[in-house]
Trainee: 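Could you have a look at this structure, given as structure tokens, before my questions?
Remember, it's 1-based here, ligands and their atoms both numbered in the order they're listed.
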Amino acid sequence: MSRHKAHIVAALLMLIAALLTASIAAGQTADRKVPEQARHLAPAPASLRLYVFDCGKLKIADTSVYGFAPKDLATTDMPVPCFLAAHPKGTLIWDTGVLPDRLLTSGGSVTQGNPGSSAMATVARPLKAQLAEAGYAPGEITYLALSHCHWDHTANANDFAGATWLVRQEERDAMFTQPPAFARCLTPENYGALKDSKTVILNRDEYDVFGDGTVIIKSAPGHTPGHQVLFVKLRKTGPVLLSGDLYHYPEERTEHRVPKTDFNREQTAASRLAIEAFLKKTGAQLWIQHDFTANAKLKKAPAYYE
Ligand SMILES: [Zn+2]
């Protein structure tokens, strides 16, 4: 080999070595990247926080099922919120939206109806993106509870199948009985994965999720057989009760009207009396989840109530 050729070979070897080093370094960087689901994005808060997510909006075509003409309502639209209670000991997601995130692929909003409903739903932002902004991924949520099984509360439930599911036996039965029509739990494609979730059956009026009285699921049947509401005791905001669909329009509360489509209307009336007494006793504010005017005033995640 000539001296000139030896120089070229040496230069080539150095180049190969440099390329190898660079690719190994890149490989190490890639290895260090923890998968989205496993990463713990937010440290546990020192005290309870409540996040409110925008999980969409419902246009109600027929308000007569709620016992009202449109002119008797402040607005016929209903918001669809989802909530996350972040406690020092873990997290609870409460309701999961009306349309699943998988439909929001274009980056724009999606409008869609449901065979079991006369309402049209519009969702502008995926729940998972809003959760990530607050510092959470579905795979690290500790508990899932649904106020009830209807499509506008269960759309992203499958994403939380890794959480421990807190549910009443009657509701779980309604969700997995065939045909499931009697309680209008009609979207197993969105909640079916919960069938294999670690599950706690709630069989008493109250279930204290973290054992310190700050997050309590309360039975409030009638709208569906195992309908429930959520009490959260916040340090600065004070106690708040999330209604589920105990009421939809705030006018139902003032005019004492029970929707015609409730599974058991007498049971709804009894649940309302019990919950109103509970609100009086605790001094809790009632947040009617589908109340458009009240929801518009709530701060949305990543801001939170504490
Ligand atoms: Zn609803």
Side-chain angles (χ1 to χ4, degrees), residues 52-68 73-84 93-100 110-124 127 144-157 160 167-168 170-171 174-175 180-191 194 217-230 241-253 257-265 267-268 271-272 275 286-296 298:
V52 184
F53 302 106
D54 171 13
C55 282
K57 194 171 80 174
L58 288 167
K59 282 247 171 256
I60 307 296
D62 179 12
T63 59
S64 72
V65 298
Y66 302 97
F68 292 95
L73 298 164
T75 172
T76 59
D77 289 350
M78 294 182 184
V80 181
C82 302
F83 300 87
L84 181 79
I93 185 112
W94 175 259
D95 287 347
T96 63
V98 62
L99 297 176
V110 173
T111 297
Q112 197 168 295
N114 184 277
S117 168
S118 62
M120 283 299 280
T122 299
V123 175
L127 172 57
L144 162 73
L146 304 165
S147 60
H148 64 295
C149 61
H150 289 166
W151 70 302
D152 56 316
H153 299 257
T154 54
N156 291 293
F160 302 93
V167 63
R168 314 262 156 194
E170 302 88 330
E171 200 74 0
M175 292 166 78
F182 80 99
R184 294 187 296 123
C185 308
L186 302 171
T187 50
E189 68 275 21
N190 293 340
Y191 62 66
L194 302 183
I217 299 172
K218 282 183 70 66
S219 173
H223 184 61
T224 60
H227 180 271
Q228 49 192 7
V229 297
L230 184 70
L241 190 91
L242 307 182
S243 67
D245 283 6
L246 184 67
Y247 302 99
H248 304 75
Y249 294 118
E251 289 86 351
E252 289 169 41
R253 191 181 184 199
R257 293 186 200 168
V258 176
K260 294 177 179 127
T261 45
D262 271 20
F263 172 72
N264 184 328
R265 300 178 74 202
Q267 217 176 27
T268 298
S271 288
R272 285 179 175 185
I275 294 300
L286 178 66
W287 288 6
I288 298 176
Q289 294 182 205
H290 285 314
D291 180 343
F292 196 89
T293 313
N295 178 275
L298 294 180

Trainee: Could you measure the distance from the NE2 atom of His150 to the NE2 atom of His223? Nearest 0.5 Å is fine.
Mentor: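 Reported value, rounded in 0.5 Å steps: 4.5 Å.
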Trainee: Report the protein N/O/S neighbours of the Zn ion (ligand 1) that fall below 2.8 Å; do not count waters.
Mentor: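 Under 2.8 Å from the Zn ion (ligand 1) - ignoring waters, which are not counted - the protein N, O or S atoms are Asp152 OD2, His153 NE2, Asp245 OD2, His290 NE2.
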Trainee: If the condition is side-chain hydrogen bond (donor to acceptor under 3.5 Å, both in side chains), which residues does Lys218 pass it with, not counting sequence neighbours?
Mentor: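 Applying side-chain hydrogen bond (donor to acceptor under 3.5 Å, both in side chains) to Lys218 gives Asp205, Glu206.
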Trainee: With a 4.5 Å limit on heavy-atom distance, are the side chains of Gln289 and Phe83 in contact?
Mentor: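 Answer yes - side chains close enough.
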Trainee: Hey, are the side chains of Cys185 and Tyr191 touching, using non-hydrogen atoms and a 4.5 Å cut-off?
Mentor: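 Yes; the side chains approach each other to less than 4.5 Å.
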Trainee: Can you see which heavy atom on Leu127 is nearest to which on Thr96, and at what distance?
Mentor: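 Looks like CD2-O, 4.1 Å.
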Trainee: Is the shortest side-chain heavy-atom distance between His248 and Ile60 below 4.5 Å?
Mentor: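 No, too far: nothing below the 4.5 Å cut-off.
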